[in-house]
Colleague: 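Next up is a structure, given as structure tokens.
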Protein chains: 2
Amino acid sequence: MKKIAAELGVSAMTVSRALNNHDNVDENTKKTIVETAKKMGYTPNRVAKSLVSSRTYTIGVVIPEISHAFFAQVVSGIENVTYEKDYQLLLTNSAEKFERENKALETLLAQQVDGILVSCSEETTDFSLLKRIIDTGKPLVFFDRCVEGIGASTVSVDDRNGSYNMTQHMIDHGYKTFAYLSGPQISTGKERLEGFRNALKDNKLDIKEEWIVESGFQEKGGYEAMKKILELPGDKMPRAVLAVNDPAAIGAIEAIEEFGYSIPDDIAITGFSDDIRARLLKCPLTTVYQPSVSIGRKAAEKLIKVIENKDEPAENIDLLTDLVIRQSCGCNK
Amino acid sequence: MKKIAAELGVSAMTVSRALNNHDNVDENTKKTIVETAKKMGYTPNRVAKSLVSSRTYTIGVVIPEISHAFFAQVVSGIENVTYEKDYQLLLTNSAEKFERENKALETLLAQQVDGILVSCSEETTDFSLLKRIIDTGKPLVFFDRCVEGIGASTVSVDDRNGSYNMTQHMIDHGYKTFAYLSGPQISTGKERLEGFRNALKDNKLDIKEEWIVESGFQEKGGYEAMKKILELPGDKMPRAVLAVNDPAAIGAIEAIEEFGYSIPDDIAITGFSDDIRARLLKCPLTTVYQPSVSIGRKAAEKLIKVIENKDEPAENIDLLTDLVIRQSCGCNK
DNA sequence: TAATGATATTTTAACGATAACATTATAATA
DNA sequence: TATTATAATGTTATCGTTAAAATATCATTA
């Protein structure tokens, strides 16, 4: 900018005004300045601008695992909105680790992001840093793995309800003995397990605690948890398995097949999230559809509202889930 | 920082030195300053620091489509490295559009990123902006969809070779008539098609141009391209189909099944990239494995080398592909 | 006791952009 | 012609941090 000013013998201020289309700049001067800027290959320095305005137009995102299809889709939804509203996206990965999540948050703050979108890691049970950030007034919105009641808005699906409906669906089709592959006991995982328990309770069915095994959110955990169940002593086996999400279900399917059982005839199984793989499986997976892109969009939209209007109230936004009945539950013959 | 300085009656400079562990600060002073900083909840302002140092420790990434499994994995590889080396990741999405790609690049420059990682959009044939950026000396590395020979390093797999090997594999198993679902004629797409053509030529097999149809990189395009082939007048049909990538192959499979043909007995098909879905398909897809995470890692590593040493030479890095033989090619009975 | 050296701290200026205020030039009015 | 309004441009100070230069403090030595 100074160079342009020097080149044309005007002040930097005039250049600034011309390039930002402010009032009271002579049309000719403006034209010359704009042309010279183009000719000299001027690129505005947002860092400097940010320092003055204390606005970076940047949103920080903390994701538990980028390469997971679900989160990739959420990010894509977030990006849709930030693109529309001219914000930038600073992406960080907690790799499901509490420590890394905290470090990521600190970094985002240091970067002076205008707001933060967080989905908690599997390990996160201590919300003190999150709470502190919210208390300072820094706009923050949770998505998917949310912490409710600490002052920030949340965007997720009604996990308990989705899980309840899926369980009810199975019960309606005559299944009586269930195993459950549970996630870690944070928001989403907890809610889904509760939905499962409630459905069984409401139908006066027994809950066999041995068959509720923590698998976590990933294939490997699902595989191992399922194996553990199949290896339990005694010859009783659950007739149906509900998994906390599709990756866990996909892992479990591998274990079930390894043991020589057939899906859904020996063991029926269902997932949660409608992963892109679900419909393509050899035995297509019955699952609960979660509007991943919408979750991202809603979360980003809410965050930007909070950023642009500090009085925007906090709210818990629940999107609707849908049962996607395919073959793995054995219900649609 | 000023507040801390005022609080303790020292100068801001001393605070800066203390917090950055510089020389010549009294141990006691340092300790008090560090404590007070913690107590007052001080977060460094990287925006200000960047303005002084003209380094943001931020890397910009331009991705054609975030929600695609392949790119999500690449991003995950990139993030591994940026995390290790303490850089931040600014993510942008070109949505396969040339215009958006250019806008993204401009924005990243304005954000003063230390370097840029780009994978070109399907539409990109005009490299002038990219070249201009490279010519200004801004570190830039291409990955996957690269532009060679304009001064920037590139990281991808040897697409031509991978495609050639796959074609040769099919020929070796007796297939003689091939259709090809091609990507757009940019780097990756072009190279793969050439590998296909070369293999046929080297084996003195005819290339039927009608059966080379542009599908693009996505499921829908694959579906439509395949349909077009199957609807061609005359009763000859290709015995095997090679797709430019797995999403296109997955789309094509849908079309093939819709027409009532069986895979691989009526029509064999192969993909490229080893999508997470490939092994789970009803008829598991034979494909070419691309080390997606490594591509991300290598690209990020190279970029950081260029950032930290302007004399780092440009190079074209080709990672190795591997044939993954499953059932869809009908070769392993 | 003054000079020297080492350590600790402060002052100043700068990074690039801009808000707020100040100035100049020009035209319109009294 | 003097006065005032208006448009166009300039000056200064600032955002938070830090490099570089300047100054202060104190112990050591000649």
Side-chain angles (χ1 to χ4, degrees), chain A residues 1-38 40-58 86 88 106-114 136 138, chain B residues 1-38 40-58 86 88 106-114 136 138:
Chain A
M1 234 176 207
K2 273 188 199 155
K3 276 188 202 155
I4 299 174
E7 177 83 14
L8 299 175
V10 297
S11 75
M13 197 58 231
T14 304
V15 176
S16 169
R17 275 200 282 258
L19 294 176
N20 292 287
N21 240 326
H22 277 219
D23 285 350
N24 295 335
V25 184
D26 184 85
E27 276 307 322
N28 287 326
T29 320
K30 190 187 287 183
K31 211 191 300 171
T32 331
I33 289 176
V34 171
E35 276 167 13
T36 318
K38 196 165 290 171
M40 295 176 69
Y42 168 76
T43 315
N45 184 324
R46 290 224 195 161
V47 170
K49 193 166 177 174
S50 293
L51 190 59
V52 175
S53 63
S54 26
R55 297 275 275 112
T56 55
Y57 286 89
T58 297
D86 256 313
Q88 294 314 117
E106 299 281 9
T107 313
L108 293 177
L109 291 177
Q111 294 276 359
Q112 311 295 118
V113 295
D114 290 345
T136 64
K138 176 65 69 177
Chain B
M1 233 177 207
K2 275 188 198 155
K3 278 187 202 155
I4 298 174
E7 177 83 15
L8 298 176
V10 297
S11 73
M13 196 59 231
T14 305
V15 177
S16 170
R17 273 207 284 272
L19 294 176
N20 291 287
N21 240 323
H22 277 219
D23 287 349
N24 295 335
V25 184
D26 185 85
E27 277 307 321
N28 288 326
T29 319
K30 190 188 287 184
K31 210 192 298 173
T32 332
I33 289 176
V34 171
E35 276 166 12
T36 317
K38 196 166 290 171
M40 296 176 69
Y42 168 76
T43 315
N45 184 324
R46 289 226 195 160
V47 170
K49 191 166 177 173
S50 293
L51 189 58
V52 174
S53 63
S54 25
R55 298 275 274 110
T56 55
Y57 285 90
T58 297
D86 257 314
Q88 294 313 118
E106 299 280 9
T107 313
L108 293 178
L109 290 177
Q111 294 276 359
Q112 312 295 118
V113 295
D114 290 346
T136 65
K138 176 65 70 178

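A, B, ... follow the sequence lines: proteins, then strands. Residue 1 opens every chain. Remember, it's a predicted structure, so these values are computed and weren't measured experimentally.
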Colleague: Counting only N and O atoms by type, is there a donor-acceptor contact under 3.5 Å from the side chain of B/Thr36 to the main-chain atoms of B/Ile4?
Modeller: no

Colleague: Under 3.5 Å, is there a donor on one side chain and an acceptor on the other for B/Thr29 and B/Thr32?
Modeller: no

Colleague: Would you say A/Ser16's side chain and A/Ala12's backbone share a donor-acceptor pair under 3.5 angstrom?
Modeller: no

Colleague: Which sits closer to the 5' end of DNA chain C, A/Lys2 or A/Asn20, going by the nucleotide each is nearest to?
Modeller: A/Lys2

Colleague: May I ask you to test the A/Arg46-A/Thr56 pair for a side-chain heavy-atom distance under 4.5 Å?
Modeller: no

Colleague: Side chain of B/Lys30, backbone of B/Arg17: donor and acceptor closer than 3.5 Å?
Modeller: no

Colleague: Taking atom P of C/dG16 as reference, at what distance in whole Å does atom NZ of B/Lys49 sit?
Modeller: 18 Å

Colleague: Below 4.5 Å, heavy atoms only, C-beta onward: do A/Asn20 and A/Lys49 meet side chain to side chain?
Modeller: yes

Colleague: Rounded to the nearest Å, what distance is computed from the CG atom of residue A/Asn45 to the C1' atom of nucleotide C/dC15?
Modeller: 9 Å

Colleague: What string of B, S and - do you get for nucleotides 6-14 of chain C 5' to 3' if you count protein non-hydrogen atoms under 4.0 Å?
Modeller: -SSBBB---

Colleague: Is there side-chain contact between B/Thr58 and B/Gln111, with at least one heavy-atom pair below 4.5 Å?
Modeller: no

Colleague: Between which nucleotides of DNA chain D, read 5' to 3', does contact with chain B run, using atoms under 4.0 Å from its heavy atoms?
Modeller: D/dC15 to D/dA20

Colleague: Can you find a heavy atom in the side chain of A/Val15 that is under 4.5 Å from one in the side chain of A/Tyr42?
Modeller: no

Colleague: Rounded to whole angstrom units, what separation is found between the CD atom of B/Gln112 and the P atom of C/dG16?
Modeller: 9 Å

